[in-house]
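Everything below concerns the one structure shown next.
This is a predicted model, so every value here is computed, not measured. Note that these values count all heavy atoms, side chains included, but never hydrogens, waters or copies made by symmetry.
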Amino acid sequence: MNFASMRFAKTLCIAAAVIVAGFSTAFAQTIKIGSKNFTEQFIVAELYAAALENAGFKVERKINLGGTLVAHEALKSGAIDLYPEYTGTGFNAVMKATTTESDPAKVLGLVKAYYEKEFNLTWLKPSRINNGYAIVVRPDTAKEHNLKTLSDLGKVAKKLSLGAGTEFVDRRDGIAGLKEVYGAEFGEFKQFAALRLRYEALSQKQVDVANGFSTDWQIAAEKFVALDDDKSLFPPYFLAPVVRPEIAANAKIVEALEKVGDVLDNPTMQELNRQVEVDKKEPRTVAANFLKAKGLVR
């Protein structure tokens with residue numbers, strides 16, 4: 001090797017060392033983890049935080065930011081580096097899709113491509129949590145009106161009152177979709193910001209129908225009937241970390257986050273939600289105990 005070649009090789013080595021050093025320095029910075037404003041999000045954000053701390057990273061928790069668009073804007077701006085999101089939410093609330101899609105892989109592919117193109121953000125591998133909307137009624141209401149599906153509900157909706165959350169009003173897979181797809185126009189509508197209040201209203205017969213989510217512990221505990229979405233109005237809502245590109249580029253971070261996702265499913269999440277909402281345990285405690293039981297943290 002002549003002198004010029006040796007000097008060029010040395011320059012390449014120095015450049016590579018600078019890049020690696022810069023990359024390492026970037027990840028010496030604190031990873032900022034956000035969440036939306038309900039129990040499941042608090043718990044999953046704490047699961048991510050504990051797993052990353054166990055892997056040796058510094059973490060700053062920015063939990064309970066607000067609704068979907070607040071968390072999304074925080075991620076876009078760099079105020080946070082990642083937060084847990086649902087594929088169906090990305091599809092409907094962020095992409096504002098105008099079509100109905102029930103295939104989980106296709107929904108993930110669409111939102112992943114859209115986020116990467118429009119926002120330079122990445123969806124990691126989803127967990128087995130599919131926390132889609134659940135339209136629920138009391139057993140006596142289901143029996144009285146012979147309700148098994150949302151098509152059944154559409155036929156008698158004018159006789160019934162609906163209790164729903166704030167986001168359900170404006171989303172295509174909410175009240176508008178129930179009317180468009182199932183012809184459901186309710187006799188009365190009551191809005192409840194807190195999920196707990198919707199279930200309380202349903203139990204106390206203040207409303208006849210409520211919108212909840214598939215991982216809500218109340219559905220099993222209260223023996224509510226979740227009506228079948230027989231025309232696939234609701235897309236799949238698989239939970240996954242949505243992350244900034246520098247997070248996606250770090251294999252150690254991705255591995256820690258995806259190990260958490262691998263041990264989560266709907267029954268597991270229902271139980272973790274119950275521990276916080278019924279047993280009044282702190283989300284951080286619930287998350288730490290769960291990860292220890294699964295052998296994912298020391």
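Between Thr68 and Ala93 the shortest heavy-atom distance is CG2-CB, 4.4 Å. The heavy-atom pair separating Asn92 from Pro235 by the smallest distance is ND2-CG, 3.2 Å. Summarising the geometry of Asp81 relative to Thr30, their closest heavy-atom pair is OD2-O, 3.7 Å, with the distance given to 0.1 Å. Smallest separation of non-hydrogen atoms from Ile135 and Asn211: CD1-CB, 3.9 Å. Of all heavy-atom pairs between Ile31 and Leu82, the closest is CG2-CD2, 3.9 Å. Among all heavy-atom pairs drawn from Thr87 and Val111, the shortest one is O-CG1, 3.7 Å.
Between Tyr115 and Trp123, the ring planes lie perpendicular to each other; the angle is over 60°, past the 30° to 60° tilted range. The aromatic rings of Phe168 and Tyr133 sit perpendicular to each other, their planes meeting at more than 60°, with 30° as the lower class boundary.
Thr285 contributes no side-chain N or O that, together with a main-chain N or O of Lys281, makes up a donor-acceptor pair within less than 3.5 Å. A side-chain donor-acceptor contact under 3.5 Å links Lys280 to the backbone of Glu277. Side chain of Ser203 to main chain of Tyr199: a donor-acceptor pair is present (N/O by atom type, distance under 3.5 Å, no hydrogens or angles). Judged by distance alone, the side chain of Asn54 and the main-chain N or O of Ala50 form no donor-acceptor pair under 3.5 Å. Distance alone, capped at 3.5 Å, places no donor-acceptor pair between the Thr149 side chain and the Asp228 backbone. Distance alone, capped at 3.5 Å, is enough to place a donor-acceptor pair between the Ser127 side chain and the Leu239 backbone. Proximity of a side-chain donor or acceptor of Asp216 to a complementary backbone N or O of Phe213 within less than 3.5 Å is detected.
The pair Glu60-Lys32 does not meet the salt-bridge criterion, since no charged nitrogen lies less than 4.0 angstrom from a carboxylate oxygen. Of the charged side-chain nitrogens involved, at least one lies within less than 4.0 Å of a carboxylate oxygen, so that Lys36 and Glu85 count as a salt-bridged pair. Salt bridge present: Arg61 and Glu46 bring a charged side-chain N and a carboxylate O closer than 4.0 Å. The pair Arg244-Glu246 meets the salt-bridge criterion, with a side-chain N (NZ, NE, NH1 or NH2) lying under 4.0 Å from an Asp/Glu carboxylate O. We find that Arg138 and Asp208 are joined by a salt bridge, their nearest charged nitrogen and carboxylate oxygen being less than 4.0 Å apart. Classification of Arg274 and Asp279 as a salt-bridged pair holds, one side-chain N sitting under 4.0 Å from a carboxylate O. The pair Glu255-Lys252 does not count as a salt bridge, with every side-chain nitrogen at least 4.0 angstrom from each carboxylate oxygen.
A donor-acceptor contact closer than 3.5 angstrom is absent between the side chains of Thr166 and Gln191. Defined by atom type and a distance below 3.5 Å, a donor-acceptor pair is missing between the side-chain atoms of Trp217 and Glu271. A donor and an acceptor atom, one from each side chain of Tyr182 and Asp229, are located under 3.5 Å apart. Residues Gln270 and Thr215 bring no donor and acceptor atom of their side chains to less than 3.5 Å of each other.
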key: Candidate pair Met269 and Ile43, rule side-chain contact (heavy atoms from CB on, under 4.5 Å), full reasoning   = CA-CA 9 Å; Met269 202 66 238; Ile43 297 169; 3.8 Å; yes
query = How far apart are the C-alpha atoms of Asp103 and Glu101, what are their side-chain angles, what is the distance that settles it, and do they pass the side-chain contact (heavy atoms from CB on, under 4.5 Å) test?
reply = CA-CA 6 Å; Asp103 183 284; Glu101 181 55 63; 3.2 Å; yes
key: ring pair (Phe, Tyr, Trp, His ring centres under 6.0 Å) between Phe238 and Tyr86, worked out   = CA-CA 5 Å; Phe238 282 90; Tyr86 306 89; over 10 Å; no
task = Take Lys125 and Asp262 through the salt bridge (Lys or Arg N to Asp or Glu O under 4.0 Å) test and state the conclusion after the steps.
result = CA-CA 9 Å; Lys125 185 178 77 172; Asp262 288 343; 3.0 Å; yes
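Aromatic pair Tyr48/Tyr83: centroids not less than 6.0 angstrom apart.
Heavy-atom neighbours of Lys231 NZ from other residues, nucleotides or ligands within 6.0 Å: above the threshold of 12.
Residues in residues 186-197 take part in these salt bridge (Lys or Arg N to Asp or Glu O under 4.0 Å) pairs, two or more places apart or across chains: Arg196-Glu200.
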